Engineer: 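A single structure is presented below for examination.
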Amino acid sequence: MKIKRQKQAKRTISFYKYNFSFREPFQVLIDGTFCQAALIGKIQIKEQLPKYLMGEVALCTTSCALKEVETLGKDLYGAKLILQKFQIRRCPHFEEPVSASECILSMLEGTNPHHYFIATQDNRLTKSLKEIPGVPVMYIIQNTMVLDKPSDCSVKRVEAVLAGEMLPTSQQHSIDKLKEEQLGVGEEGADEANRRKRKRKSGNPNPLSCLKKKKKGPTQQPTKSGGSGDGESNRKKRTRHHRKRKHAALGAGAGQTGSATTNPVKS
C-alpha cells in the first residue's frame, strides 16, 4: 500500500508541475484541523511531509488559522503549538480575523497564483477547493498522509488548454500583470483608464493669449560716459594725416641737398 500511495503521489505532483507550474520548495498551507489529526496519529509533519512530496517543502499558515485554534480552547492546545512553528503568511484579515476556511480561500485568489498545497481535514473547505483549478489538497486517513487526486475542475482546465480554448494559468497571470502595469486595464486600473478616455471640455480661450502685443520703441544707443558735456561728446574727432607729413619731410630733405650742390662754398 505504501508503494502504491507513493506512485500515486508522484503522478499527482507531476500533473501539477507540468500543467500548473508548481516548483520546489512546495508551499503547504496548513490549518489547525490537519495539525490536530497529525497529533492524534503521531505524524511528524516536518519530517514526513518532504519525504512524501519528494522535494523541499515550506510549511506555512495564516494568522486567522492560528487565531481560530487559540479561541477553541485547551482541547487544541497541542495543535496550536504545532501551528506556531510554521511560517505565518500575511492575509487581508489582520484587523478583523475570519474563519480559517474563509481565510485560506481568500489566499488562493480564485486561481492559486502562489501555488499552495492545502492541508486540511475540513470537508466543507475541501469541496470548495475542488471547484478551483490547480489546487492540490492533502488530508490524513488512517494515520497516513494522502495527496488527493486532481479534481475534475483541474482536469477540465488542462483539457481546455490542450485544445487551445484557454491559456495556461501562468501565461494568464503574466498577461494580467502587463495590463495592470503598462496599460492600466486591470481591475485596479480600470478607473484610471476610463478617466484617460474622457475628452476635455472645450472652454474659453486664455485671456492672456488674446492681449495685443506691445510695440517696442526704438532702441537708444548708450552714450559714452566721461566728458565735459554734450558739446564735447558731439565733436568730431581729429584725424591725423601721417602720409602728408612724410611727403613734406622728403621734399624738404631734397631741397637741402639741391641747394648744397648748386651753390658751392666760395673759398
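Bear in mind that the values here come from a model prediction, so they are computed numbers and not experimental data.
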Engineer: Between Ile40 and Ile82, is there a shared hydrophobic cluster once you connect ILVMFWY residues whose side-chain heavy atoms come closer than 4.5 Å?
Structural biologist: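 They do not share one cluster, since no chain of ILVMFWY contacts under 4.5 Å joins Ile40 to Ile82.
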Engineer: Show me the donor-acceptor pairs, under 3.5 Å and distance only, between side chains in residues 91-102 and residues at least two apart or in other chains.
Structural biologist:
{"unit_1": "Ser99", "atom_1": "OG", "unit_2": "Ser101", "atom_2": "OG", "d": "3.4"}
{"unit_1": "Ser99", "atom_1": "OG", "unit_2": "Glu102", "atom_2": "N", "d": "3.4"}

Engineer: Check whether any side-chain heavy atom of Lys80 sits under 4.5 Å from a side-chain heavy atom of Gln84, and report yes or no.
Structural biologist: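 Of all side-chain heavy-atom pairs linking Gln84 with Lys80, at least one is under 4.5 Å.
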Engineer: Suppose we screen for ring-ring contact (aromatic ring centres under 6.0 Å, His included). Which residues come up paired with Phe117, at least two apart in sequence or across chains?
Structural biologist: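 With sequence neighbours excluded, Phe117 shows a ring-ring contact (aromatic ring centres under 6.0 Å, His included) to Phe22, Phe26, given in chain and number order.
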Engineer: Are any of the side-chain heavy atoms of Val146 and Thr144 separated by less than 4.5 Å?
Structural biologist: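 Yes, at least one pair of side-chain atoms sits under 4.5 Å.
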Engineer: Considering non-hydrogen atoms only, spot the tightest contact between Leu81 and Lys85 and give its length.
Structural biologist: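 That would be O-CG, 3.5 Å.
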Engineer: Run the side-chain contact (heavy atoms from CB on, under 4.5 Å) check on Asn112 and Phe20 step by step: do they pass?
Structural biologist: CA-CA 9 Å; Asn112 196 13; Phe20 293 97; over 6 Å; no
Engineer: How many angstroms lie between atom CZ of Arg11 and atom NZ of Lys7, to the nearest 0.5 angstrom?
Structural biologist: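 NZ of Lys7 is found 7.5 Å from CZ of Arg11.
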Engineer: Would you mind writing out the side-chain donor-acceptor pairs for residues 124-136 within the sub-3.5 Å range, not counting sequence neighbours?
Structural biologist:
{"unit_1": "Thr126", "atom_1": "OG1", "unit_2": "Asp122", "atom_2": "O", "d": "2.8"}
{"unit_1": "Ser128", "atom_1": "OG", "unit_2": "Arg124", "atom_2": "O", "d": "3.2"}

Engineer: Could you tell me whether the side chain of Met107 reaches within less than 4.5 Å of the side chain of His114, counting heavy atoms only?
Structural biologist: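 His114 does not reach Met107 side chain to side chain.
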Engineer: Measure the spacing between CG of Leu29 and CE of Met138 and express it to the nearest 0.5 Å.
Structural biologist: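 With rounding to 0.5 Å, CG (Leu29) is 12.5 Å from CE (Met138).
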Engineer: Taking only residues two or more places apart in sequence or in another chain, which ones pass side-chain contact (heavy atoms from CB on, under 4.5 Å) with Thr33?
Structural biologist: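 Expected list: Asp31, Thr120, Gln121.
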Engineer: Quick one: side chain to side chain donor-acceptor pair (under 3.5 Å) partners of Gln27, sequence neighbours excluded?
Structural biologist: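 Side chain to side chain donor-acceptor pair (under 3.5 Å) list for Gln27, sorted by chain: Arg89.
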Engineer: Indicate every side-chain donor-acceptor pair of residues 47-61 with a distance under 3.5 Å to a residue at least two apart or in another chain.
Structural biologist:
{"unit_1": "Tyr52", "atom_1": "OH", "unit_2": "Leu147", "atom_2": "N", "d": "2.9"}
{"unit_1": "Thr61", "atom_1": "OG1", "unit_2": "Ile30", "atom_2": "O", "d": "2.9"}

Engineer: Taking the side chain from Asp152 and the backbone from Lys156, do they hold a donor-acceptor pair closer than 3.5 Å?
Structural biologist: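 Answer holds: no.
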Engineer: Looking only at heavy atoms, what is the nearest atom pair of Ala79 and Leu39, with distance?
Structural biologist: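 Distance-wise, the nearest heavy atoms are N-CD2, 4.1 Å.
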Engineer: In the structure I gave you, are the side-chain heavy atoms of Lys17 and Glu24 within less than 4.5 Å of one another anywhere?
Structural biologist: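 Sidechains of Glu24 and Lys17: in contact.
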Engineer: Between SG of Cys103 and CG of Leu105, what distance do you get to the nearest 0.5 Å?
Structural biologist: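 The SG atom of Cys103 sits 9.0 Å away from the CG atom of Leu105.
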Engineer: Could you state whether Tyr77 and Leu83 fall into the same hydrophobic cluster, counting links through intermediate Ile, Leu, Val, Met, Phe, Trp or Tyr residues with side-chain heavy atoms under 4.5 angstrom apart?
Structural biologist: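 No; tracing contacts between hydrophobic side chains, which count when under 4.5 Å, never links both residues.
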Engineer: For Leu76 versus Val69, what's the shortest heavy-atom pair and its separation?
Structural biologist: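 Minimum heavy-atom separation between Leu76 and Val69: O-CG1, 3.4 Å.
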Engineer: Between Phe86 and Cys35, what is the shortest heavy-atom contact and its length?
Structural biologist: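 In this case the closest contact between Phe86 and Cys35 is CE1-SG, 3.9 Å.
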Engineer: Let's go through Phe34 and Ile118 carefully: what are the C-alpha distance in whole Å and the side-chain angles of both, what is the deciding distance for side-chain contact (heavy atoms from CB on, under 4.5 Å) to 0.1 Å, and is it a yes or a no?
Structural biologist: CA-CA 10 Å; Phe34 188 84; Ile118 306 300; over 6 Å; no
Engineer: Would you say Glu70 and Lys67 make side-chain contact, with heavy atoms under 4.5 Å?
Structural biologist: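 Yes - at least one pair of side-chain heavy atoms lies under 4.5 Å apart.
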